[in-house]
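Count residues from 1 along the sequence.
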Amino acid sequence: DFGSDLDIRNLVDWIQSGNKAKKIMVLSGAGVSVAAGIPDFRTPGTGLYDNLQKYNLPYPQAVFDVSFYRSQPQPFVTLAKELWPGLTHSPTLTHSFLKMLSDKGLLLRLYSQNIDGLEYLAGIPDEKLVECHGHFRSASCIECGTTADPESVKNTIIKDVTVPKCDKCGGNVKPDIVFFGESLPDRFHQMLRTDVEEADLLLVMGTSLQVAPVSMIPDMVRCEHRVLFNREPVMKIRTGKDLFLPGNCDDQVMELCSILGWKQDLLEENAK
Ligand code: OAD
């Protein structure tokens, strides 16, 4: 037992002990990609939801709302062209740290809410990743669910900047990212059921925990200790059980890796 004052050295101890943290579950959000130059959603001023004026939305989240997309698809189409994962952004130190956890056999699963594809670019294996809010690699009709050809959907959005239509029913097609009003991928529910039982440590990184059901994960895990990497204390920090590492996650990851003796490896991993 570590008493009431957990610090980053306790986290190092758990990882180095070889048995206290060998199935690490990670829950990530937009904050882990901010250092790559991708704004998050809710940070006042810089977050995406404060910068959608040109779309004349009734409320910012409407751009990701399935019923809004049914009647007014153009704002999302225009935004999707800008957000489409490409090769302009590189994985951050935090992504590289998660890849290292995976390489060392310490990562149980990464639950990412992000749709920027940086986990993939960092080389985190598919099997270790749960894309809670979907991805841009496939697309389907919001009315009948028929899958659409991903390449032609991409072209329609990126080149024509118009809404892709379903061949079968004429409904609006969108990439398979999860909108408000839609359910999360089956894989999310399937993996979560056993992962919350098996995880021996939870890292929560760069998420405001404002969106359900992902926001419930910190309360679902059975493990004793949880570590929050965030600019703000977005969850209740239980004395003696949870550790809050405030500030930019890359800085805390660097500090952690320095103490672990992983700093050189981290920098090399990130330079790949
Ligand atoms: P948010 O923008 O809601 O939260 C990002 C969190 O990361 C905030 O608490 C920031 O303070 C923190 N943060 C920002 N930069 C950071 C940094 N460099 N280091 C550490 N923390 C940092 O983003 P999410 O929680 O990911 O859904 O948002 C959840 C979902 O809401 C998204 O997946 C998206 C959105 O609507 C869909 O689009 C379906």
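Using a distance-only test at 3.5 Å, with no hydrogens or angles considered, no donor-acceptor pair links the side chain of Asp176 to the main chain of Gly134. Although no hydrogens or angles enter the test, the distance criterion places a donor-acceptor pair under 3.5 Å between the side chain of Asn10 and the main chain of Asp7. Between the side chain of Lys22 and the backbone N or O of Leu106, no donor-acceptor pair lies under 3.5 Å. Looking at Arg238, its side chain does come within 3.5 Å of a backbone N or O of Glu224 through a donor-acceptor pair. Between the side chain of His225 and the backbone N or O of Lys241, at least one donor-acceptor pair lies under 3.5 Å. Under a 3.5 Å cut-off, the side chain of Asn270 and the backbone N or O of Thr92 do form a donor-acceptor pair.
Remark: Ser102 OG to Glu127 CD distance equals 8.0 Å, nearest 0.5 Å. To the nearest 0.5 Å, atoms CG (Leu11) and CD (Gln16) are separated by 10.0 Å. Taken from SG in Cys141 to NZ in Lys174, the straight-line distance is 10.5 Å, to the nearest 0.5 Å. Atom SG of Cys223 and atom CG of Leu108 lie 10.0 Å apart (nearest 0.5 Å). Phe229 contributes atom CZ, which lies 7.5 Å from atom OG1 of Thr94 (distance to the nearest 0.5 angstrom). For the atom pair Asp65 CG and Glu182 CD, the distance stands at 9.0 Å (nearest 0.5 Å).
Judged as a side-chain hydrogen bond (donor to acceptor under 3.5 Å, both in side chains), the pairs with a partner in residues 202-212 (not counting sequence neighbours) are, in order, Gln113-Thr207. Applying the side-chain hydrogen bond (donor to acceptor under 3.5 Å, both in side chains) test to pairs two or more places apart or on separate chains, none has a residue in residues 252-265.
Crowding of Asn155 atom CG: a count of heavy atoms from other residues, nucleotides or ligands under 6.0 Å exceeding 12. Under a cut-off of 6.0 angstrom, the local environment of CZ in Arg9 is sparse, with at most 12 non-hydrogen atoms contributed by other residues, nucleotides or ligands. More than 12 heavy-atom neighbours from other residues, nucleotides or ligands sit within 6.0 angstrom of NZ on Lys104.
At least one side-chain heavy atom of Pro185 sits under 4.5 Å from a side-chain heavy atom of Val178. With contacts defined as side-chain heavy-atom distances shorter than 4.5 Å, the pair Pro218/Leu202 qualifies. Here the side chains of Val77 and Gln74 are in contact, with some heavy-atom distance below 4.5 Å. Between Phe68 and Pro58, some side-chain heavy-atom pair lies under the 4.5 Å cut-off. Counting heavy atoms from C-beta on, the side chains of Leu267 and Met254 come closer than 4.5 Å.
Partners of Pro44 by side chain to side chain contact (heavy atoms under 4.5 Å, CB included), not counting sequence neighbours, listed by chain and number: Asp50. Considering only residues two or more places apart in sequence or on other chains, Pro164 meets the side chain to side chain contact (heavy atoms under 4.5 Å, CB included) condition with Tyr69, Val153, Thr156, Ile157, Val173. Remark: Asp103 engages Lys99 in a salt bridge (charged side-chain N to carboxylate O under 4.0 Å, His left out) (not counting sequence neighbours). Listed by chain and residue number, nothing satisfies the side chain to side chain donor-acceptor pair (under 3.5 Å) test with Gln72 (two or more places apart in sequence, or in another chain). With sequence neighbours excluded, no residue forms a side chain to side chain contact (heavy atoms under 4.5 Å, CB included) with Ser90. With sequence neighbours left out, the salt bridge (charged side-chain N to carboxylate O under 4.0 Å, His left out) criterion links Glu82 to Lys54. Judged as a salt bridge (charged side-chain N to carboxylate O under 4.0 Å, His left out), and not counting sequence neighbours, Glu119 has no contacts. Val234 is linked by a side chain to side chain contact (heavy atoms under 4.5 Å, CB included) to Leu209, Leu228, Asn230, Glu232, counting only residues two or more places apart in sequence or in another chain. For Arg222, the salt bridge (charged side-chain N to carboxylate O under 4.0 Å, His left out) criterion is met by Glu197, not counting sequence neighbours.
Connection of Leu93 to Leu107 is established within a shared hydrophobic cluster, with ILVMFWY side chains joined at heavy-atom distances below 4.5 Å, either directly or through further cluster members. Under a hydrophobic-cluster definition in which Ile, Leu, Val, Met, Phe, Trp and Tyr are linked whenever side-chain heavy atoms come within less than 4.5 Å, directly or via other members, Tyr111 and Leu121 are assigned to different clusters. Linking Ile, Leu, Val, Met, Phe, Trp and Tyr residues whenever their side-chain heavy atoms come within less than 4.5 Å leaves Tyr120 and Leu83 in two separate clusters. Two different hydrophobic clusters hold Val130 and Leu98 under the rule that ILVMFWY side chains link at heavy-atom gaps under 4.5 Å. Tracing side-chain contacts under 4.5 Å through hydrophobic residues (I, L, V, M, F, W, Y), one never reaches Ile237 starting from Leu245; they form parts of separate clusters.
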Give the C-alpha distance, both sets of side-chain angles, the deciding distance and a yes or no for side-chain contact (heavy atoms from CB on, under 4.5 Å) between Ile142 and Phe179.
CA-CA 10 Å; Ile142 64 162; Phe179 272 27; over 6 Å; no

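Of the candidates Asn172, Val163, Ile177, Phe76 forms a side chain to side chain contact (heavy atoms under 4.5 Å, CB included) with just one, namely Ile177.
Listed here is the closest heavy atom pair of Met220 and Val196: O-CB, 3.7 Å. The shortest heavy-atom contact between Phe64 and Leu79 is CZ-CD2, 3.9 Å. Across Phe188 and Val214, no two heavy atoms sit closer than the pair CE1-CG2, 4.0 Å. For Lys236 against Arg226, the heavy-atom pair with the smallest separation is O-NH2, 3.1 Å. Minimum heavy-atom separation, His95 to Ile124: O-CD1, 4.0 Å. The minimum heavy-atom distance linking Val253 with Met205 is given by the pair CG2-CE, 3.9 Å.
Ring centroid separation for the pair Phe41 and Tyr49 comes in under the 6.0 Å cut-off.
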Which donor-acceptor pairs under 3.5 Å do the side chains of residues 23-40 make with protein atoms, sequence neighbours left out?
from: Lys23; atom 1: NZ; to: Glu198; atom 2: OE1; distance (Å): 3.4
from: Ser28; atom 1: OG; to: Ser112; atom 2: OG; distance (Å): 3.4
from: Ser33; atom 1: OG; to: Asp116; atom 2: OD2; distance (Å): 2.6
from: Asp40; atom 1: OD1; to: Thr43; atom 2: N; distance (Å): 3.2
from: Asp40; atom 1: OD1; to: Thr43; atom 2: OG1; distance (Å): 3.3
from: Asp40; atom 1: OD2; to: Thr43; atom 2: OG1; distance (Å): 2.5

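Of the charged side-chain nitrogens involved, none lies within less than 4.0 Å of a carboxylate oxygen, so that Asp251 and Arg231 do not count as a salt-bridged pair. In this structure, Arg187 does not pair ionically with Glu131, as no charged nitrogen and carboxylate oxygen lie closer than 4.0 Å.
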